[in-house]
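Right, one structure below, let's go through it.
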Amino acid sequence: MSVSLRLVSLLLGFLPAFCAASMMPAIELPVSGISASQLAVVYLQADPQSEKIARYYAAKRDIPEKNIISIALRAENGVVQPARFAVQKKLLDARLGQNIQAYALAWTSPYRVGCMGITAAFAFGFDTAYCSNGCKRTRSSPYYNSGSTRPYHDFSVRPAMLLAGESFDEVAALIDRGISADDSQPRGAVYLLQTSDAARSVRKILFPAIAQSFRKWHRVHLLKQDTLQNTSDILFYFTGLANVQGLDSLHFFPGAMADHLTSYGGQLPHSSQMSALAWLQAGATGSYGTALEPCAFVQKFPNPYLAIWHYRSGASLLEAYWKSVQMPGQGNFIGEPLAAPFRGYRLRMQDRKLFIESPVFFTGRYRVYALDAGLPRVAGDFRLRAGEKSIALEPPFSAAYRVERLRD
């Protein structure tokens, strides 16, 4: 926590006994995203590395054993036939409880189901409405830019993300990065590149709003250049090129998002262009790419504004990325699904008040319960205005609190 308990006790002299025992109060925040118990980890039958990755991930994230499930998918050149997928997906779903809200897929290839990216096929089932024959729009995701923390409950959609890498060690390092990102609340920078490739720079129309909205928390760099090199403070990097140079000279914060708008970044592990996997190999924690020709529709790629906003509001990497793509049917999401750098809190003492500060707070009404022995008691009702990220509690203080978001 940001407060030295000993210093507070000496200066204020009024904190209760739990503080004297070198404990700050525990805070239960409002639910802001999918938890480990709500994630199914799926691995390929008869693929020892896939199963090893699944079990490593489950152990590291304390995912229940019952959530680790195998599937029999056979692929040719990374592509699964839709009819076989439909049968296997039905068998898989029959084994899942209603609490399961999302998938972690413990492999890199197969990356496609017919005309769909494999993460979209797991989310929606195989459905040609999410495909495009030529340069056309596709069906939109009902999960796009939603406030849902339970997508299966709300939309019958289980978003998926590939735990991707060319070796077990690569994926293990990715998983470890995601875990180290949790509640780190990094102040890393945002890099938005408008490149010389005009067709792949269509997201430039979003860049000014990002700079305006997030400059309070991050340095936002709007750059007209093709290459970013020798940079060590990257939390978000969005660009548009078929191949991105200089990745080996970059350093990413744990939890970083990075992607390049191009046609075949979602072909894994290799592509005729640069595969999105290159971002993870360079140190990013999540990326996105399309597996089939999408044409330059901005709706088929991550909206950086929405990705950053949802991530900063406590969503996991999987949730923030999925909520940023309006038409994800041809794409693949890759990375560590549960990484959540902004899902947490800090405590601060000021003017004899205890401030709970958290990125998961946003405009609206809250009620705080003190969890003393016996029944919870209401410690206060609060209304936060736009941009406010803290709640101030008055003494006497309790050992634990629960914060609930109220409906307006």
Flag the pair [X] / [Y] as yes when at least one side-chain heavy-atom distance between them is below 4.5 Å, and no otherwise.
{"X": "I63", "Y": "L39", "result": "yes"}
{"X": "M257", "Y": "Y237", "result": "no"}
{"X": "P302", "Y": "L261", "result": "no"}
{"X": "E166", "Y": "Q281", "result": "yes"}
{"X": "Y369", "Y": "Y401", "result": "no"}
{"X": "P294", "Y": "S132", "result": "no"}
{"X": "R405", "Y": "F362", "result": "yes"}
{"X": "P359", "Y": "Y311", "result": "no"}

Say whether [X] and [Y], considering side chains only, have a donor N or O and an acceptor N or O under 3.5 Å apart.
{"X": "H260", "Y": "R200", "value": "no"}
{"X": "Y152", "Y": "Q38", "value": "no"}
{"X": "Q185", "Y": "D183", "value": "yes"}
{"X": "E336", "Y": "T285", "value": "no"}
{"X": "Q194", "Y": "S201", "value": "no"}
{"X": "Q229", "Y": "Q245", "value": "no"}
{"X": "S196", "Y": "D226", "value": "yes"}
{"X": "N99", "Y": "H153", "value": "no"}
{"X": "Y305", "Y": "S213", "value": "yes"}
{"X": "E170", "Y": "S167", "value": "no"}
{"X": "Y111", "Y": "N77", "value": "no"}

Does Y345 form a side-chain contact (heavy atoms from CB on, under 4.5 Å) with V403? I'd like the steps, not just the answer. CA-CA 11 Å; Y345 64 89; V403 184; over 6 Å; no
Output the distance between atom [atom1] ([X]) and atom [atom2] ([Y]), rounded to the nearest 0.5 Å.
{"X": "L354", "Y": "L393", "atom1": "CG", "atom2": "CG", "result": "5.5 Å"}
{"X": "N303", "Y": "H310", "atom1": "CG", "atom2": "NE2", "result": "9.0 Å"}
{"X": "L268", "Y": "T119", "atom1": "CG", "atom2": "OG1", "result": "9.0 Å"}
{"X": "D259", "Y": "T239", "atom1": "CG", "atom2": "OG1", "result": "9.0 Å"}
{"X": "L235", "Y": "I308", "atom1": "CG", "atom2": "CD1", "result": "8.0 Å"}
{"X": "L105", "Y": "I334", "atom1": "CG", "atom2": "CD1", "result": "12.0 Å"}

On the 0 to 90° scale, with breaks at 30° and 60°, tag the F238-F236 ring pair as parallel, tilted or perpendicular. parallel
Tell me whether the centres of the aromatic rings in F382 and Y366 are closer together than 6.0 Å.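 That pair fails the under 6.0 Å test.
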Taking the six-membered ring where the residue is Trp, are the ring centres of Y56 and F168 under 6.0 Å apart? yes
Might you point out which heavy atoms bring T138 and C131 nearest each other, and give the distance in Å? CG2-O, 3.3 Å
Please determine whether a side-chain nitrogen of the Lys or Arg among [X] and [Y] lies less than 4.0 Å from a carboxylate oxygen of the Asp or Glu.
{"X": "R343", "Y": "D182", "value": "no"}
{"X": "K300", "Y": "E293", "value": "no"}
{"X": "D127", "Y": "R139", "value": "yes"}

Carefully, step by step, assess F355 and I391 under the rule side-chain contact (heavy atoms from CB on, under 4.5 Å). CA-CA 5 Å; F355 287 80; I391 289 173; over 6 Å; no
Please walk me through it: do Y191 and D233 pass side-chain contact (heavy atoms from CB on, under 4.5 Å)? CA-CA 10 Å; Y191 289 88; D233 63 346; 2.7 Å; yes
Listed pairs under 3.5 Å, donor-acceptor, residues 322-329 side chains, sequence neighbours left out:
unit_1: W322; atom_1: NE1; unit_2: A160; atom_2: O; d: 2.8
unit_1: K323; atom_1: NZ; unit_2: S146; atom_2: O; d: 3.2
unit_1: K323; atom_1: NZ; unit_2: S148; atom_2: O; d: 2.8
unit_1: S324; atom_1: OG; unit_2: Y321; atom_2: O; d: 2.7
unit_1: Q326; atom_1: NE2; unit_2: S140; atom_2: OG; d: 3.3

Would you check, one step at a time, whether the test salt bridge (charged side-chain N to carboxylate O under 4.0 Å, His left out) holds for D381 with R365? CA-CA 7 Å; D381 287 332; R365 296 188 303 127; over 6 Å; no
For residues 81-88, which side-chain donor-acceptor pairs fall under 3.5 Å, sequence neighbours excluded?
unit_1: R84; atom_1: NH2; unit_2: A72; atom_2: O; d: 3.3
unit_1: Q88; atom_1: OE1; unit_2: A72; atom_2: N; d: 3.4

Positive for side-chain contact (heavy atoms from CB on, under 4.5 Å) with I34, one of R158, Q101, R150: Q101
Run the side-chain contact (heavy atoms from CB on, under 4.5 Å) check on F124 and M116 step by step: do they pass? CA-CA 10 Å; F124 306 121; M116 294 183 72; 4.3 Å; yes
